[in-house]
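Here's the structure we're looking at; comments come further down.
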Amino acid sequence: MECSRWLRRLGPAPTADGAGPAARVVCFPHAGGGAAAFRPLAKAVAAATAEAAAGPYEVLAVRYPGRHDRIREERLEDLRELAARACRGLLPLTGRQPLVLLGHSMGALIAYEVTRLLEAAGAGRPVRLVVSGAWAPSRVRGGTVHLRDDDGLIEEIRRTQGTDPRVLDDRELLAMALPVVRSDYKAVETYRHRPGPPLHTPVTALVGDADPLVSVDDAAAWRAHTAGDFGMRIFPGGDHFYLTRHWPDLARAVVAAPDRVASDRQGAVRPAGPGLLHGAQGRQRQQAAGPARLQQVR
């Protein structure tokens with residue numbers, strides 16, 4: 001469902017007793033991806049909010065130009081410019097309900113730059129930035145994948161394990177997809193972090209320990225980019241697209257964010273929730289709870 005030129009609502013607009021949503025989640029897709037990639041997350045968030053009695057959340061995804069229903073628009077190959085335009089698109093959402101930004105891979109870097117812009121403008125910073133499968137901005141090393149021929153680009157896509165192999169064997173589909181992927185890779189590979197003060201927004205980093213692109217150390221380095229709370233979750237055996245097998249875990253981390261902020265403001269003691277566990281209590285609960293390993297980075 002279209003919400004605006006830059007945002008697509010994933011599912012119906014939630015209401016609670018005629019009021020607006022309890023919180024909003026804005027998702028930033030990976031290189032070559034689109035808003036629809038986060039539809040499973042929207043369903044998982046609805047289940048997580050019902051489980052936590054947290055009130056309905058509105059899940060939206062950023063619609064990058066040059067693909068899908070914006071195919072006639074020029075693709076943007078400058079990540080910082082893409083962030084600036086996306087930021088203008090979501091400004092109307094700030095200062096209302098709690099806002100969580102979540103980005104995967106390239107989307108995490110864009111969400112980070114959007115958060116910087118929101119904080120600099122005093123427009124109402126997000127309650128949390130969730131970065132998934134992404135190098136910390138200071139760890140982006142550039143690259144030349146976007147300069148490869150089509151076969152070289154296809155090989156890189158195979159390595160990330162996020163695309164159905166049948167798609168990669170369909171030359172007609174590839175003719176439409178490869179220019180988008182190439183532009184996005186250029187945006188990431190030419191991005192250079194501009195030093196500045198760390199975010200005030202709390203950050204959660206999520207990564208698979210078998211990710212061929214992003215090491216655990218690369219993800220842990222996000223800690224240096226926030227002066228706020230930092231949490232990290234590592235998924236054993238997870239590749240670059242580990243999240244496709246862990247939407248409920250991702251949803252619980254998202255749903256926990258506004259509640260954590262409310263507890264902080266009230267001076268309450270936070271119980272360790274299923275999304276972000278800290279210290280010995282988190283380790284004990286994780287041993288009994290499930291397959292994903294949780295780690296608090298200090």
Side-chain angles (χ1 to χ4, degrees), residues 1-14 21-49 54 56-65 67-70 76 79 82-83 85-94 96-118 125-134 162 180 184 187-188 201-207 214 222 233 240-258 275:
M1 181 184 302
E2 184 171 342
C3 178
S4 72
R5 182 184 173 203
W6 276 93
L7 296 170
R8 177 174 291 277
R9 182 182 297 115
L10 302 178
R24 285 191 170 95
V25 183
V26 177
C27 306
F28 294 76
H30 58 278
F38 287 101
R39 289 194 186 281
L41 177 65
K43 293 180 180 179
V45 166
T49 54
Y57 280 36
E58 185 175 39
V59 180
L60 307 111
V62 174
R63 305 164 65 210
Y64 302 142
R67 70 204 70 195
H68 305 295
D69 45 5
R70 298 184 67 183
L76 295 177
L79 190 142
L82 184 52
R85 297 196 192 185
C87 184
R88 290 195 291 270
L90 63 82
L91 272 176
L93 302 182
T94 62
R96 299 180 182 180
Q97 289 84 2
L99 181 66
V100 179
L101 301 189
L102 181 154
H104 181 69
S105 195
M106 177 186 80
L109 295 173
I110 297 172
Y112 165 75
E113 290 292 343
V114 168
T115 304
R116 289 181 108 184
L117 292 170
L118 290 174
R125 66 178 173 87
V127 296
R128 184 164 289 269
L129 170 63
V130 181
V131 292
S132 167
V180 174
D184 287 352
V188 174
T201 301
V203 173
T204 297
L206 310 172
V207 68
V214 181
W222 277 98
R233 183 164 187 173
H240 191 59
F241 284 92
Y242 75 90
L243 73 175
T244 61
R245 295 183 296 279
H246 292 283
W247 291 118
D249 296 301
L250 205 61
R252 285 191 287 269
V254 165
V255 170

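Sequential numbering from 1 along the given sequence is applied to the chain's residues.
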Q: Check step by step if side chain to side chain contact (heavy atoms under 4.5 Å, CB included) holds for Val62 and Cys27.
A: CA-CA 6 Å; Val62 174; Cys27 306; over 6 Å; no

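Side-chain N or O atoms of Trp247 include none that pairs as donor or acceptor with a backbone N or O of Val45 at under 3.5 Å. A donor-acceptor contact shorter than 3.5 Å links the side chain of Tyr57 to the backbone of Val255. Judged by distance alone, the side chain of Arg63 and the main-chain N or O of Arg5 form a donor-acceptor pair under 3.5 Å. No donor-acceptor pair closer than 3.5 Å links the side chain of His30 to the backbone N or O of Ala108.
Between His104 and Leu243, the closest side-chain pair of non-hydrogen atoms falls below 4.5 Å. In this structure, Asp69 and Arg8 have side chains that are in contact, with non-hydrogen atoms separated by less than 4.5 Å. At a threshold of 4.5 Å between non-hydrogen side-chain atoms, the residues Leu90 and Leu118 count as touching. Looking at Val130 and Val203, their side chains never come closer than 4.5 Å, going by heavy atoms from C-beta outward. Contact annotation: the side chain of Thr244 never approaches that of Pro40 to less than 4.5 Å [non-hydrogen atoms, C-beta and beyond]. Within the 4.5 Å cutoff, the side chain of Val59 has no heavy atoms near those of the Val26 side chain. With a 4.5 Å cut-off on side-chain heavy atoms, Val25 and Leu101 do not count as touching. Using a 4.5 Å heavy-atom threshold, the side chains of Leu60 and Glu58 count as touching.
A salt bridge between Arg67 and Asp184 is present, with a side-chain N of the basic residue lying under 4.0 Å from a carboxylate O of the acidic one.
Across all non-hydrogen atoms, the minimal contact from Ala83 to Glu113 is CB-CB, 3.6 Å. Nearest heavy-atom pair across Ala48 and Ala251 is CB-CB, 4.1 Å. Scanning all heavy atoms of the two residues, the minimum distance from Leu129 to Thr201 falls at N-CG2, 3.6 Å. Here the closest non-hydrogen pair linking Gly133 and Val214 is O-CG2, 3.6 Å. In terms of heavy-atom proximity, Ile110 sits nearest to Phe28 at CG2-CD2, 3.7 Å. Of all the heavy atoms in Ala35 and Pro29, the pair that sits closest is N-CG, 4.1 Å.
Here Leu102 contributes atom CG and Leu250 contributes atom CG; the two are 5.0 Å apart, rounded to the nearest 0.5 Å. The line from OH of Tyr112 to CG of Leu117 is 10.5 Å long, rounded to the nearest 0.5 Å. Between atom CG of residue Leu76 and atom CZ of residue Arg85 there is a gap of 4.5 Å, rounded to the nearest 0.5 Å. Here the OG-NE2 distance, from Ser132 to His246, works out to 10.5 Å after rounding to the nearest 0.5 Å. Between atom CG of residue Asp249 and atom CG of residue Leu206 there is a gap of 9.0 Å, rounded to the nearest 0.5 Å.
A distance of 6.0 Å or more separates the ring centres of Trp6 and Tyr64.
Donor-acceptor pairing under 3.5 Å is recorded for the side chains of Arg128 and Thr204.
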